[in-house]
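Working notes, structure below.
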Protein chains: 2
Amino acid sequence: MELDERKLQILRAVIDEYILSASPVGSKSIRQSAELNWSPATIRNEMADLEALGYLAQPHTSAGRIPSDKAYRLYVDRMLERAALSEQEQAILNRYYETRIDGIESVLRSTAQALSEITHYTAVVMMPDLAANRLRHLQLVPLAEGKALSVIVTDAGVARDAIIDIPKDMTPDELESLSRTITQRCYNCRMTTVSDRLMREVGAELQSRGDFVKALLTRVEQSAQSGTNMVELSGARNMLRYPEYNDVEKATTFLATVEQRDELYRMLKKASDMEFTITIGSENEQRGLQDCSVVTATYRVNDMPFGTFGIIGPTRMDYNRVVNVLQGVQQNLAAILQSLLKED
Amino acid sequence: MELDERKLQILRAVIDEYILSASPVGSKSIRQSAELNWSPATIRNEMADLEALGYLAQPHTSAGRIPSDKAYRLYVDRMLERAALSEQEQAILNRYYETRIDGIESVLRSTAQALSEITHYTAVVMMPDLAANRLRHLQLVPLAEGKALSVIVTDAGVARDAIIDIPKDMTPDELESLSRTITQRCYNCRMTTVSDRLMREVGAELQSRGDFVKALLTRVEQSAQSGTNMVELSGARNMLRYPEYNDVEKATTFLATVEQRDELYRMLKKASDMEFTITIGSENEQRGLQDCSVVTATYRVNDMPFGTFGIIGPTRMDYNRVVNVLQGVQQNLAAILQSLLKED
DNA sequence: TTTTAGCACTCCGTTATGGCGAGTGCTAAT
DNA sequence: ATTAGCACTCGCCATAACGGAGTGCTAAAA
């Protein structure tokens with residue numbers, strides 16, 4: 001049995017309706033909402049076929065049908081329609097981008113908030129992965145005996161800092177010259193190769209502090225790879241709007257899952273190969289997200305892939321709108337990041 | 001009518017019981033849980049008195065009594081008992097402090113997580129207020145034509161960065177020397193007085209770039225005052241555990257409230273005068289927190305007040321435990337921050 | 001005078017019940 | 001191949017009935 005045109009139309013109508021209503025849709029209501037001119041009985045027959053094929057399911061006998069994950073998959077693969085951001089959506093975005101544009105990370109945070117407000121789902125944004133960045137500056141600032149703050153700056157305009165131990169006999173002047181030496185030597189090195197580069201040709205001026213420099217650079221490379229807290233999460237509470245999560249039990253489970261930021265990070269990181277990804281329900285690896293769908297897009301800086309952002313919502317999410325919003329935000333984001341790093 | 005010893009004992013028993021059970025407590029159940037040897041009838045009479053005095057309330061006739069905000073106030077003012085952290089609590093804290101100690105802010109983030117795990121309430125931590133800090137370093141790193149990243153470092157080992165516009169004809173060398181001049185001139189200035197100091201005695205080398213320097217320093221002072229996102233929030237989902245928030249409606253309201261970080265920041269900032277504060281139910285100014293209580297404590301660096309952290313829970317929270325936990329964490333935090341900035 | 005046993009009463013929360021409505025599958029007619 | 005008609009299924013909801021926990025009051029006991 002194949003999916004002919006009529007079956008597709010009916011399937012689509014069921015999905016559209018279910019996305020709106022969240023309750024099983026029946027043969028009658030479908031005929032009204034979409035303008036399908038077959039009789040309820042015909043539609044019922046087709047729906048029975050669709051159920052046999054695994055696209056629809058019945059919560060219990062004598063209830064309407066709900067779409068299966070397989071149906072959503074078909075829907076997103078074949079039935080999406082392009083659309084630009086609506087004026088209202090664009091207005092919300094602009095409001096968030098008007099303020100606090102003093103760095104990439106703050107732009108990304110605003111993006112997360114805007115996304116959740118626009119879609120009413122949960123937004124996640126991965127902070128930039130510095131692995132592909134190039135070192136622009138390293139500064140060691142003495143704080144107290146044996147302690148200093150190391151700050152690195154990359155070509156993408158991102159800074160990371162960490163308090164580090166230094167040899168007790170190290171003077172501020174020595175720290176300063178060390179900063180300059182490393183900056184010079186590793187200027188424009190990828191963050192992942194900083195220590196390699198420097199270690200291969202350790203100069204005389206570094207030799208006496210070899211161990212320290214080694215430890216320092218390891219630290220620097222570490223901090224380039226983002227760890228915990230490198231995901232911005234916004235609007236998790238939105239999920240409570242939806243009947244799926246009206247049960248406090250389920251809501252708690254969801255909130256617990258998204259509070260595990262490292263898991264979210266791994267998920268987003270994984271999605272960073274692809275310009276867009278849509279992961280539906282059970283396709284998710286994470287246990288707590290198996291009743292959710294995740295849609296992601298990548299953002300770039302200077303045409304280099306930099307990170308991923310996305311939307312988490314119930315499986316019954318408005319895929320069409322979400323995809324279009326992500327696309328629109330992706331473009332806006334590219335422009336903002338561009339203007340942040342290039343002359344206006 | 002005065003509160004004699006017996007009334008106090010009964011009031012306390014009611015509060016203790018209610019904190020545990022979350023349901024109105026009656027004269028009978030109270031006698032069992034506490035070992036009060038008066039008969040239920042006597043206890044009933046006393047409870048009626050306590051109600052007349054405003055310490056207890058009845059949800060409806062023929063139900064048990066629940067404590068009023070006034071009762072909690074009395075409780076926290078007169079009935080708390082000191083206790084150190086339990087072994088288990090200390091173990092959790094240690095677990096969080098073992099990892100990620102590369103800066104004050106990451107310690108504070110871990111603190112928030114630990115607090116919410118230990119107490120099962122919602123934890124908030126205000127990121128350090130740099131107003132009282134002193135400048136240790138300012139670095140301008142060129143990024144592209146007309147763009148640079150400014151990084152400041154304070155004596156407390158905190159860095160803040162922002163992408164800024166620079167005059168197009170400014171060379172990297174000029175930026176570097178500008179960085180050095182400002183750092184030198186303003187070394188150890190309070191962050192709030194940096195621009196005053198520099199502007200009062202603008203040197204010849206800065207004169208030609210006067211406008212730019214002025215704008216830059218304003219920016220720096222701004223970023224010293226924390227803005228949005230300067231509150232770390234952890235465990236908001238914990239509130240869903242409690243019957244008070246079993247209603248999805250209420251839970252949503254709460255989550256919406258705590259997602260407004262600027263409001264939280266203002267609240268914590270206000271509490272920073274006092275070593276400890278306890279704000280009960282309707283004493284809260286924020287509308288969304290009027291069914292909650294907030295307990296805060298301050299943290300210090302080098303004996304200087306630096307910020308505030310605290311716990312938000314239902315009005316029916318275990319004040320005794322929360323206060324003791326905050327006190328214990330305060331001590332641990334002081335030690336960690338100390339070790340971060342002083343030689344070991 | 002204070003405390004306590006006894007009792008009638010109140011009211012919430014839970015469970016049982018029955019009707020309603022939306023939907024289905026099947027059959028027979030178109 | 002499509003559709004009208006029909007009997008049937010089940011979840012949902014409002015109502016009623018019930019049991020339990022707790023109260024206030026009164027009168028007896030300490």
Side-chain angles (χ1 to χ4, degrees), chain A residues 1-11 13-18 20-53 55-68 243-244 246-248, chain B residues 1-11 13-18 20-53 55-68 243-244 246-248:
Chain A
M1 189 156 36
E2 222 8 76
L3 285 181
D4 56 19
E5 181 58 26
R6 190 169 69 182
K7 282 195 174 56
L8 284 176
Q9 279 188 41
I10 290 175
L11 181 56
V14 172
I15 295 176
D16 282 336
E17 177 80 10
Y18 185 68
L20 278 178
S21 71
S23 44
V25 343
S27 54
K28 216 169 184 176
S29 71
I30 221 183
R31 204 171 77 131
Q32 294 180 334
S33 64
E35 327 84 6
L36 302 183
N37 278 323
W38 301 286
S39 77
T42 307
I43 294 179
R44 273 207 291 283
N45 286 333
E46 294 289 46
M47 280 165 72
D49 287 353
L50 285 168
E51 182 172 357
L53 289 167
Y55 291 102
L56 294 179
Q58 243 178 337
H60 53 86
T61 2
S62 88
R65 304 297 208 297
I66 64 176
S68 68
E244 288 84 330
N246 247 344
D247 178 19
V248 177
Chain B
M1 192 156 34
E2 221 13 71
L3 286 181
D4 56 20
E5 181 58 25
R6 191 169 70 183
K7 282 192 172 58
L8 284 176
Q9 278 189 43
I10 291 175
L11 181 57
V14 171
I15 296 176
D16 283 336
E17 177 80 10
Y18 186 68
L20 278 178
S21 72
S23 46
V25 342
S27 52
K28 214 168 182 176
S29 69
I30 220 184
R31 204 172 80 132
Q32 292 179 336
S33 64
E35 329 83 5
L36 303 182
N37 278 324
W38 300 285
S39 78
T42 307
I43 294 178
R44 273 206 293 283
N45 287 334
E46 294 289 45
M47 279 164 74
D49 288 350
L50 285 167
E51 184 173 357
L53 289 167
Y55 290 102
L56 293 179
Q58 242 177 338
H60 52 84
T61 5
S62 89
R65 304 299 207 296
I66 64 176
S68 67
E244 287 85 329
N246 247 345
D247 178 19
V248 177

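Predicted model only: the values in this text are computed from it and were never measured. Every chain is numbered from 1 and lettered A, B, ... according to where its sequence line falls, protein lines coming before strand lines.
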Query raised in the report: B:E51 versus B:M47: any side-chain heavy-atom pair under 4.5 Å?
Result: no

**Report entry** Length of the line joining B:E46:CD and C:dT3:P, which is rounded to integer Å
**Finding:** 8 Å

Query raised in the report: Using a cut-off of less than 4.0 Å, is there contact between a side-chain N or O of A:R44 and OP1 or OP2 of C:dA22?
Result: no

Query raised in the report: Looking at residues 26-38 of chain A, who's got a heavy atom less than 4.0 Å off DNA chain C?
Result: A:G26, A:S27

Report task. Using whole Å, report how far CG of A:L50 lies from P of C:dG25. Result -> 12 Å

Report each atom pair, protein N/O against N/O of nucleotides 10-20 of chain C, whose distance is under 3.5 angstrom.
from, atom 1, to, atom 2, distance (Å)
C:dT10, O2, B:S62, OG, 2.6
C:dC11, OP1, B:T61, OG1, 3.1
C:dC11, O4', B:S62, OG, 3.2

Report task. Measure from the side-chain heavy atoms of A:M47 and tell me the nearest of C:dT3, C:dT24, D:dT3. Result -> C:dT24

**Report entry** Approximate separation, where rounding is to 0.5 Å, of A:E46 CD and A:D4 CG
**Finding:** 6.0 Å

Query raised in the report: Relative to the 5' end of DNA chain D, which residue comes earlier, B:G64 or B:N45, by the nucleotide with the nearest heavy atom?
Result: B:G64

Requested in this report: Grab the two heavy atoms, one from A:Y18 and one from A:P24, that are nearest each other, plus how far apart they are.
Outcome: CE1-N, 4.1 Å

Requested in this report: Tell me whether the OP1 or OP2 atom of D:dG24 has a side-chain N or O from B:R65 closer than 4.0 Å.
Outcome: yes

Query raised in the report: Just how far is it from atom CG of B:L56 to atom CD1 of B:I15, taken to the nearest 0.5 Å?
Result: 7.5 Å

Query raised in the report: So do the side chains of B:L3 and B:Y55 get within less than 4.5 Å of each other, counting heavy atoms only?
Result: yes

Query - side-chain hydrogen bond (donor to acceptor under 3.5 Å, both in side chains) contacts in which one or both residues fall within residues 31-42 of chain A, not counting sequence neighbours - result: A:E17-A:S33, A:S39-A:T42

